[in-house]
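Everything numeric here is computed off the predicted structure, so don't read it as measured data.
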Amino acid sequence: METRVSELFGTPVVNGASVRKTAKNGLKKYKKWSSRHQKANNNPPYLPPEAEEGNIEYKLKLVNPTQYRFEQLATQMKWRLQEGRGEAVYQIGVEDNGLLVGLTEEEMKASLRTLRRMAEKVGADITVLRERQVDYDSDELHRIAEVLVRKVPDDQQFLDLRVAVLGNVDSGKSTLLGVLTQGELDNGRGRARLNLFRHLHEIQTGRTSSISIEILGFDSTGEVVNYSESRTAEEICESASKMITFIDLAGHHKYLKTTIFGLTSYCPDFAMLMVSANTGIDVRKQTGDRTAGYFSTALGISFSPLGTVLYSTASDALLSRMKPFYEVLYTSEEHMIIIIIIIIIIIIVVFCFIHVIVRVSLETFSTGTTREHLGLALALKVPIFIVISKVDLCSRGTVERTVRQLERILKQPGCSKVPLLVSSTDDAVTAAQQFAQSPSITPIFTLSSVSGESLDLLKVFLNILPPLSNSKEQEELMQQLTEFQIDEIYSVPDVGTVVGGTLYSGICREGDPLVVGPTDAGEFRELVVCSIQRNRSTCRVLRAGQAATLALGQFDRSLLRKGMVMVSPEMNPTICWCFEAEIVLLFHAKTFHKGFQVTVHVGNVRQTATVEALEGKDELRTGEKAVVRFRFIKHPEYLKLGAKLLFREGATKGIGQVTRLQPAAADH
């Protein structure tokens with residue numbers, strides 16, 4: 001397994017040039033310890049050297065520091081919290097070079113008391129994630145501790161992570177979200193998912209067709225804050241230090257465009273792929289086994305004593321009715337019995353074959369959707385973790401087979417992932433820390449929304465999961481001009497027009513004047529932000545990367561559409577009819593050529609475009625690359641250089657990146 005997975009108390013590769021110098025006595029002790037315990041323990045007692053940046057801090061001990069030293073430590077904790085956007089991880093009993101020394105019982109208690117005082121001074125809480133014993137050159141056992149420090153937010157500025165929920169239909173996506181957000185297990189018939197559905201036909205069919213948003217909070221001590229105990233969304237936002245915003249996407253292939261829109265426009269930080277344990281993701285081997293089973297059953301019945309009784313009964317009944325026919329054909333009664341037996345065998349085999357075709361086609365269709373969702377997440381470079389649901393319906397062997405299927409697919413060259421099966425709290429902590437740091441790690445959970453099996457492991461993982469961007473990137477985005485992408489449009493009584501979306505850059509406040517567009521004529525219109533709501537609670541300031549709804553008063557809703565942007569009046573946005581992109585054709589049945597029309601997804605933009613030209617080529621086939629010029633057919637759009645692009649048309653699919661924009665003014 002990759003180094004980053006096992007670096008915590010594991011066997012990482014250490015770069016000698018980056019390791020800080022340690023005292024000679026420490027090195028001698030380490031060599032003596034390692035030579036003595038090399039055979040007894042395969043895990044060398046060290047971590048990678050401490051990084052100057054980031055939210056991870058190593059501390060050997062924090063026993064009775066002076067006041068001056070205490071102030072330094074508190075300032076350092078502020079820095080680490082800022083780097084982690086409100087979260088930091090302290091490794092107690094570890095030297096700066098990563099050497100696991102460990103502390104005695106009294107030293108560990110004193111260090112944790114000091115750490116708690118430091119956290120109180122900076123307005124944070126601490127939670128001990130796990131403790132380990134290290135046998136380091138001493139008869140007395142030493143311990144190291146891993147502690148999560150989380151800042152209590154001010155003015156509802158909690159850490160917000162967006163998780164897109166993918167998976168085929170009937171894999172239990174909405175049910176799991178209902179269990180997590182409502183705090184009650186499902187009854188096995190979908191009761192937990194009812195609060196998530198937005199339309200009547202979703203309740204009737206049990207299938208999600210639209211994008212719904214649900215929230216799960218964690219307070220500063222790591223406790224779950226959800227809708228249990230009759231909490232409202234506003235109370236959750238006030239109590240939570242960290243918020244997980246789930247984006248529940250459709251699983252049916254009929255709503256694939258909605259799923260793609262949710263992945264491209266809602267800017268998820270992570271993706272959670274749901275797989276049903278009883279269906280799996282690879283049905284080719286299951287198909288062969290099931291087909292062979294049905295045919296063997298049919299043939300077994302044919303030549304069994306039961307088959308003899310059936311044939312005898314059927315033959316007597318048919319012979320009495322077919323007597324005139326075989327008398328005319330001069331066929332003996334024995335020959336006619338043989339013919340009837342053959343006909344019955346053919347009927348049984350055909351029935352089993354039709355049953356196999358129907359069932360396998362349905363399973364292949366659903367698991368094909370799972371593969372497609374996995375491919376979309378990989379194409380858009382969204383980090384993904386996998387949840388195998390409905391383990392209460394299957395035997396342990398079936399669950400293990402599904403896990404093996406996933407591991408085999410994830411290790412294929414197209415994915416190149418390292419699966420990490422989470423089976424304990426320790427695994428969940430390690431997976432959460434390494435998942436955000438190494439893009440190749442893919443944690444796998446096996447759980448049940450009915451029995452609650454392993455549900456706590458997923459909560460531990462979500463609680464510790466760090467953000468992908470650091471504070472510097474966040475500050476840079478906030479210093480840019482305001483840009484808000486419109487994903488949803490509503491009309492609310494007594495409020496007026498309301499738009500929902502994500503603030504891509506800048507800061508948005510109540511009363512800010514903005515311009516919205518482009519319209520069909522390529523223009524931008526002025527408006528004023530009347531009020532802001534985030535996670536269904538009032539918010540006065542919206543920062544880059546946060547999703548919210550903005551009330552626009554009496555602004556005419558007919559002038560708005562999905563795909564528009566609201567930007568600062570100082571910005572000079574580039575709108576275009578025509579643009580170029582460097583693409584990779586993932587699949588096409590024939591050849592991709594000039595004049596072909598596809599649906600293009602770029603951020604929150606979704607529109608049909610025509611292929612105007614292929615640079616240096618006349619046509620493309622599956623797997624080939626080229627620079628292609630597209631032209632929108634309905635209205636101009638606001639695009640940015642370097643934006644990820646995804647296009648599709650039926651089975652045709654491709655990905656790419658916008659490389660050149662042709663402004664609408666120059667185009668005409």
Side-chain angles (χ1 to χ4, degrees), residues 7-8 14-15 17-27 29-30 45-132 134 136 142-154 157-159 220-222 241-242 433 437 464 466-467 469-475:
E7 68 178 14
L8 188 58
V14 178
N15 185 359
S18 63
V19 179
R20 298 180 181 179
K21 293 182 179 180
T22 57
K24 293 182 179 180
N25 293 336
L27 288 174
K29 287 182 179 180
Y30 168 69
Y46 62 91
L47 296 175
E50 180 188 74
E52 295 295 334
E53 298 181 351
N55 68 334
I56 299 178
E57 177 69 26
Y58 295 169
K59 288 299 177 190
L60 179 59
K61 63 175 67 174
L62 298 170
V63 179
N64 297 326
T66 63
Q67 185 62 31
Y68 178 73
R69 176 59 177 162
F70 181 81
E71 295 295 335
Q72 287 183 325
L73 293 172
T75 303
Q76 187 181 53
M77 180 176 282
K78 284 184 180 180
W79 161 253
R80 292 298 185 184
L81 288 171
Q82 184 180 356
E83 285 288 289
R85 294 172 58 185
E87 288 184 349
V89 176
Y90 272 67
Q91 303 283 357
I92 307 299
V94 182
E95 291 188 354
D96 288 346
N97 67 336
L99 186 65
L100 304 186
V101 178
L103 301 177
T104 63
E105 186 78 19
E106 293 300 323
E107 290 175 334
M108 180 61 70
K109 289 182 179 179
S111 297
L112 291 178
R113 283 196 300 268
T114 303
L115 192 65
R116 188 170 285 106
R117 287 174 51 212
M118 293 161 50
E120 290 175 355
K121 184 174 180 59
V122 300
D125 286 323
I126 68 170
T127 304
V128 178
L129 298 178
R130 53 184 175 177
E131 294 186 24
R132 289 287 183 87
V134 288
Y136 179 70
H142 286 62
R143 292 188 302 157
I144 59 174
E146 187 173 1
V147 183
L148 175 67
V149 183
R150 178 171 291 164
K151 186 172 176 58
V152 179
D154 300 326
Q157 295 305 317
F158 43 76
L159 175 61
S220 56
T221 61
S241 297
K242 180 177 185 178
Q433 293 178 347
Q437 298 176 11
I464 305 172
S469 59
N470 55 35
S471 58
K472 289 184 179 179
E473 296 174 351
Q474 186 75 6
E475 290 293 333

Open item on the list: Once side chain to side chain donor-acceptor pair (under 3.5 Å) is applied, do any residues pair with N55, and if so which ones, sequence neighbours excluded?
Closed with: none
Task: Separation of T75 OG1 from F70 CZ (nearest 0.5 Å) - done: 10.0 Å
Task: K61 (side chain) donor-acceptor with S111 (main chain) under 3.5 angstrom - done: no
- [ ] Using the test salt bridge (Lys or Arg N to Asp or Glu O under 4.0 Å), find all partners of E83 that sit at least two apart in sequence or belong to another chain.
- [x] none
- [ ] Looking only at non-hydrogen atoms, find the nearest pair between V101 and V134 and report the distance.
- [x] O-CG2, 3.7 Å
Task: Pairwise distance CD(E57) to CD1(I92) - rounded to 0.5 angstrom - done: 8.5 Å
TODO: Mind checking side chain to side chain donor-acceptor pair (under 3.5 Å) for E120 and listing every partner two or more places apart, or none if nothing turns up?
DONE: none
Task: Residues which pass salt bridge (Lys or Arg N to Asp or Glu O under 4.0 Å) with E105, listed by chain and number, not counting sequence neighbours - done: R143
Open item on the list: As an exercise, state the distance from CG of L103 to CD of E131, rounded to the nearest 0.5 Å.
Closed with: 10.0 Å
Task: Spatial distance of atom CZ (R80) from atom CD (E53) [nearest 0.5 Å] - done: 9.0 Å
Open item on the list: If the condition is salt bridge (Lys or Arg N to Asp or Glu O under 4.0 Å), which residues does E71 pass it with, not counting sequence neighbours?
Closed with: K121
Task: Heavy-atom side-chain proximity of S469 to R85 below 4.5 angstrom - done: yes
- [ ] Taking salt bridge (Lys or Arg N to Asp or Glu O under 4.0 Å) as the test, write out the residues that go with R150, two or more places apart.
- [x] E87
- [ ] For Y90 and M118, work out which heavy atoms get closest and say how close.
- [x] OH-CE, 4.3 Å
Open item on the list: Which heavy atom of L81 sits nearest to which heavy atom of V149, and what is that distance?
Closed with: CD2-O, 3.6 Å
Open item on the list: When you measure from the side chain of T114 to the backbone of L62, do you find a donor-acceptor pair of N or O atoms at a distance under 3.5 Å?
Closed with: yes
Task: Reported CD1-to-CD distance for the pair I56 and Q437, which is rounded to 0.5 angstrom - done: 5.0 Å
Open item on the list: Let me confirm one number: the NZ-CG distance from K59 to L115, rounded to the nearest 0.5 Å.
Closed with: 10.0 Å
TODO: Provide the closest heavy-atom pair for S241 versus S220 in the form atom of the first, atom of the second, distance.
DONE: OG-N, 3.3 Å
Open item on the list: I want to check something: taking the side chain as every heavy atom from C-beta on, are E50 and V94 in contact at a cut-off of under 4.5 Å?
Closed with: no
Open item on the list: Ignoring hydrogens, what is the shortest heavy-atom contact between Q433 and I464? Give both atom names and the distance.
Closed with: CG-CG2, 4.4 Å
Open item on the list: To check you understand the geometry: which heavy-atom pair defines the closest contact between Y58 and P49, and what is its length?
Closed with: CE1-C, 4.0 Å
TODO: Would you check, one step at a time, whether the test side-chain contact (heavy atoms from CB on, under 4.5 Å) holds for Q91 with I144?
DONE: CA-CA 7 Å; Q91 303 283 357; I144 59 174; 5.7 Å; no
